[in-house]
Amino acid sequence: MSVYEVLEERGFIQQVTHDEEVRELLAKEKITFYIGFDPTADSLHVGHFLGMMVMAHMQRAGHRPICLIGGGTTMVGDPSGKTDMRRMMTREEIDANGERFKKQMQRFLDFAEDRALMLNNADWLLDLNYVEFLREIGVHFSVNRMLTAECYRNRMEKGLTFLEFNYMLMQAYDFLELNRRTGCVMQLGGADQWSNILAGADLIRRKESKPAYGLTFTLLTTSDGRKMGKTEKGALWLDPEKTPPYDFYQYWRNIDDADVANCLALLTFLPMDEVRRLGALAGSEINTAKKTLAYEVTKLIHGEQEADKARQAAEALFGGSDDLDNVPTTVFTPADIVGKRIIDILPATGLVASVGEGRRLIAGGGLYIGDDKVDDQNCVIGEAAVSGGSLMLRKGKKTYHRLVIEK
RNA sequence: GGAGGGGUUCCCGAGUGGCUAAAGGGAGCAGACUGUAAAUCUGCCGGCUAUCGCCUUCGGUGGUUCGAAUCCACCCCCCUCCA
């Protein structure tokens, strides 16, 4: 089975520039391909991870991935899929984010002996000469045609700056540059990148008279079409500092029934037979599939050890095991707690953002100590409560936080 | 540069002098029901507090007024049309 078929079967593929040719190319040759990642935040998120999965599948099949960090393109900002221009970022910010991207990417691909490359388009974009660029690259773009592209069309109402309008040319130029430097012949990207990818492939065909291909993969969406990976605290980050492995695990553990099979196919390497079997489980049986999904994805991103811990914590809290070591915990001294109102220490655990929110939580009957509902907003923690060395707080049905008291 | 229309709480969006911490919807949190799911119904949803108390918020600054998100002046930003 070729990678193309693998990607197809797993539901990655959205659009391809040349279906037959690409199918054959990937089956018969080892190619170099790339995906660009603009470092607009200080961590990758699940959306990026989907791209890394595609790269990993491709690398396993013997193709060579290039992770292109968009140190140059981020200076301009991709308007695709956005209704407003995003904040302009400083060079320092972009570079710092780029470094973090690099670190996180190392774990998903094998970079040894150039089996995968990591490049930064700042290296060729930032020193470009404006007039030369316009004459060499700009001539090949028809404004009329650009304006009909989906990514610009929805911006015609809200407005589009000339800065952003140039993004497509820069990304097209990247592809050309990579083609010249490394023989890269294919660009992959999320479905929103279709126009940018086409522009690059066209540019190469025109300037180099060589074939170039593009392929987009589906965005991670829920069965009802919403973007996946959103949490109460924003995106689902790959950085354990921003999204702790336990929270990450729980996100997938709580996924909609309807999305389980899709996520297993896209975000894990489980064989498709297994994916189909798990996805077909009915009723509460499907929880098995969710556990597998949560464990596998957490393992890929945070490693086996963290995945074990997360699973173990979940088992302790929901499954009845009593090993609470890996449950989210805050450590206090007796002086921090004894005689204090529960409401005043609650924000320090991260369970609520403010005292007021904690108050409302209690008023709504959503806070528990152990299995006892807290009724009194001014409930004070007594000596006796602390004698056991720890307290289990619970917000709602499934958010737990353990207080450990260290003398 | 000219003419017109805008900038409201996380998002969308109502609000044109006191009854406005600000309608409605979405998102989010909690309760019931469940399978750590979905759908549904209910409550909460700026901060601090003893619920009716105080503080901060409606692009910015300065005014008018007993009192302003609402009126005036100037400034900044966005959109549409014209150049």
Side-chain angles (χ1 to χ4, degrees), chain A residues 79 81-88 152-164 221-236 246-264 278-295 297-298 310-321 326-328 340-344 346-347 349-369 371-380 392-401:
Chain A
K82 297 184 185 60
T83 50
D84 293 295
M85 180 171 152
R86 75 161 78 222
R87 185 179 59 88
M88 280 231 244
Y152 292 126
R153 217 182 318 154
N154 55 31
R155 283 295 225 96
M156 296 313 285
E157 294 155 26
K158 288 285 273 183
L160 178 70
T161 61
F162 187 65
L163 174 77
E164 300 166 278
T221 52
T222 58
S223 53
D224 50 355
R226 290 189 317 247
K227 257 192 197 170
M228 246 163 66
K230 296 274 187 198
T231 71
E232 47 184 309
K233 288 165 193 146
L236 196 62
Y246 174 77
D247 290 353
F248 188 86
Y249 179 94
Q250 283 295 310
Y251 179 87
W252 302 106
R253 177 63 187 82
N254 284 311
I255 206 91
D256 278 21
D257 290 4
D259 297 323
V260 179
N262 192 230
C263 288
L264 281 167
L278 288 168
L281 293 174
S284 59
E285 288 287 295
I286 193 115
N287 282 318
T288 314
K290 294 186 190 182
K291 284 180 191 167
T292 305
L293 171 68
Y295 181 76
V297 184
T298 307
R311 178 165 67 183
Q312 202 269 315
E315 282 305 311
L317 295 170
F318 298 99
S321 114
N326 297 313
V327 173
K340 297 276 172 58
R341 292 183 312 174
I342 180 80
I343 204 130
D344 289 321
L346 219 44
T349 65
L351 238 32
V352 296
S354 66
V355 174
E357 193 181 315
R359 221 171 255 292
R360 276 177 243 122
L361 181 68
I362 293 174
L367 183 71
Y368 299 78
I369 296 180
D371 287 324
D372 302 323
K373 185 186 284 188
V374 177
D375 296 314
D376 178 9
Q377 292 188 16
N378 297 309
C379 162
V380 169
M392 183 62 78
L393 298 181
R394 190 173 103 223
K395 175 182 139 185
K397 281 175 302 235
K398 54 191 183 197
T399 313
Y400 289 86
H401 197 93

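Reminder, nothing fancy here: chain letters follow the sequence lines and each chain counts from 1.
- Residue A:Lys397 has its side chain nearest to B:U34 when only B:U34, B:A30, B:A37 are considered.
- The residue A:Glu285 sits apart from the nucleic acid: no heavy atom pair falls under 4.0 Å.
- When side chains are defined from C-beta on, A:Trp252 counts as touching A:Cys263, because their heavy atoms get closer than 4.5 Å.
- Taking a pair to require two hydrogen-bonding distances under 3.5 Å in either a Watson-Crick or a G-U wobble arrangement, B:A38 remains unpaired.
- To the nearest angstrom, P of B:A30 lies 12 Å from CG of A:Leu346.
- Each of A:Ile362, A:Leu367, A:Leu361 was compared with A:Val352 under the side chain to side chain contact (heavy atoms under 4.5 Å, CB included) criterion, and only A:Leu361 meets it.
- Residues passing the side-chain hydrogen bond (donor to acceptor under 3.5 Å, both in side chains) test with A:Glu357: none are found, sequence neighbours excluded.
- Checking B:G43 for Watson-Crick or G-U wobble geometry (two distances, each under 3.5 Å) identifies B:C29 as its partner.
- For A:Asp376 and B:A50, the CG to C1' distance is 12 Å, given to the nearest whole Å.
- At whole-Å resolution of the value, CG in A:Asp259 and P in B:A38 are 10 Å apart.
- For A:Lys395, the side-chain atoms get nearest to B:C29 when compared with the rest of B:A37, B:C29, B:G35.
- Between A:Arg253 atom CZ and B:U34 atom C1' the separation is 13 Å, expressed in whole Å.
- Listed by chain and residue number, A:Asp308 satisfy the side-chain hydrogen bond (donor to acceptor under 3.5 Å, both in side chains) test with A:Tyr295 (two or more places apart in sequence, or in another chain).
- Residue A:Ala363 is classed as having no contact, given no heavy-atom separation below 4.0 Å to the nucleic acid.
- On the C1' atoms, B:C48 is 14 Å away from B:A21, given to the nearest whole Å.
- Remark: the separation of the C1' atoms in B:U8 and B:G24 is 14 Å, to the nearest Å.
- Of the nucleotides present, none pairs with B:A68 by Watson-Crick or G-U wobble criteria with both distances under 3.5 Å.
- In this entry the distance linking NZ of A:Lys373 with P of B:A30 reads 13 Å, nearest Å.
- Look at the C1' atom in both B:C72 and B:C79: the space between them is 25 Å, to the nearest Å.
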Would you list the atom pairs, donor with acceptor, under 3.5 Å between side chains in residues 279-289 of chain A and any protein atom, with sequence neighbours excluded?
{"unit_1": "A:Asn287", "atom_1": "OD1", "unit_2": "A:Arg253", "atom_2": "NH1", "d": "3.3"}
{"unit_1": "A:Asn287", "atom_1": "ND2", "unit_2": "A:Ser284", "atom_2": "O", "d": "3.2"}
{"unit_1": "A:Thr288", "atom_1": "OG1", "unit_2": "A:Glu285", "atom_2": "O", "d": "2.9"}

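- Rounded to whole Å, the distance from CG on A:Asp257 to C1' on B:A38 is 7 Å.
- Annotation: salt bridge (charged side-chain N to carboxylate O under 4.0 Å, His left out) contacts of A:Asp375 (sequence neighbours excluded): none.
- A distance of about 22 Å separates the C1' atoms of B:G59 and B:C55, rounded to the whole Å.
- Nucleic acid contact class of A:Leu317 (heavy atoms, under 4.0 Å, all strands): none.
- Base pairing of B:G24: its partner is B:C12, meeting the Watson-Crick or G-U wobble criterion (both donor-acceptor distances under 3.5 Å).
- A distance of about 22 Å separates the C1' atoms of B:C45 and B:A39, rounded to the whole Å.
- The number of heavy atoms from other shown groups lying within 6.0 Å of CG (A:Asp376) is above 12.
- Rounded to whole Å, the distance from OH on A:Tyr368 to P on B:A30 is 11 Å.
- With a cut-off of 3.5 Å on both pairing distances, the Watson-Crick or G-U wobble partner of B:C74 is B:G60.
- B:U80 is paired with B:A3 under the criterion used here, namely a Watson-Crick or G-U wobble arrangement in which both key atom distances are under 3.5 Å.
- Remark on RNA chain B: of its neighbouring residues A:Ala314 and A:Asn378, the 5'-side contact belongs to A:Ala314, judged by nearest-heavy-atom nucleotide.
- Not counting sequence neighbours, the partners of A:Arg359 by the side-chain hydrogen bond (donor to acceptor under 3.5 Å, both in side chains) test are A:Gln377.
- Rounded to whole Å, the distance from CD1 on A:Ile343 to C1' on B:A50 is 13 Å.
- For the P atoms, the distance from B:G53 to B:C41 is 34 Å, rounded to whole Å.
- The shortest side-chain heavy-atom distance between A:Asp371 and A:Arg394 falls under the 4.5 Å cut-off.
- B:U42 sits 12 Å from B:G26 when the P atoms are compared, rounded to a whole Å.
- Of the C1' atoms belonging to B:G7 and B:G13, the separation is 13 Å, rounded to the nearest Å.
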Base versus backbone protein contacts along nucleotides 42-49 of chain B [heavy-atom cut-off under 4.0 Å; B, S, -]: --SS-SSS
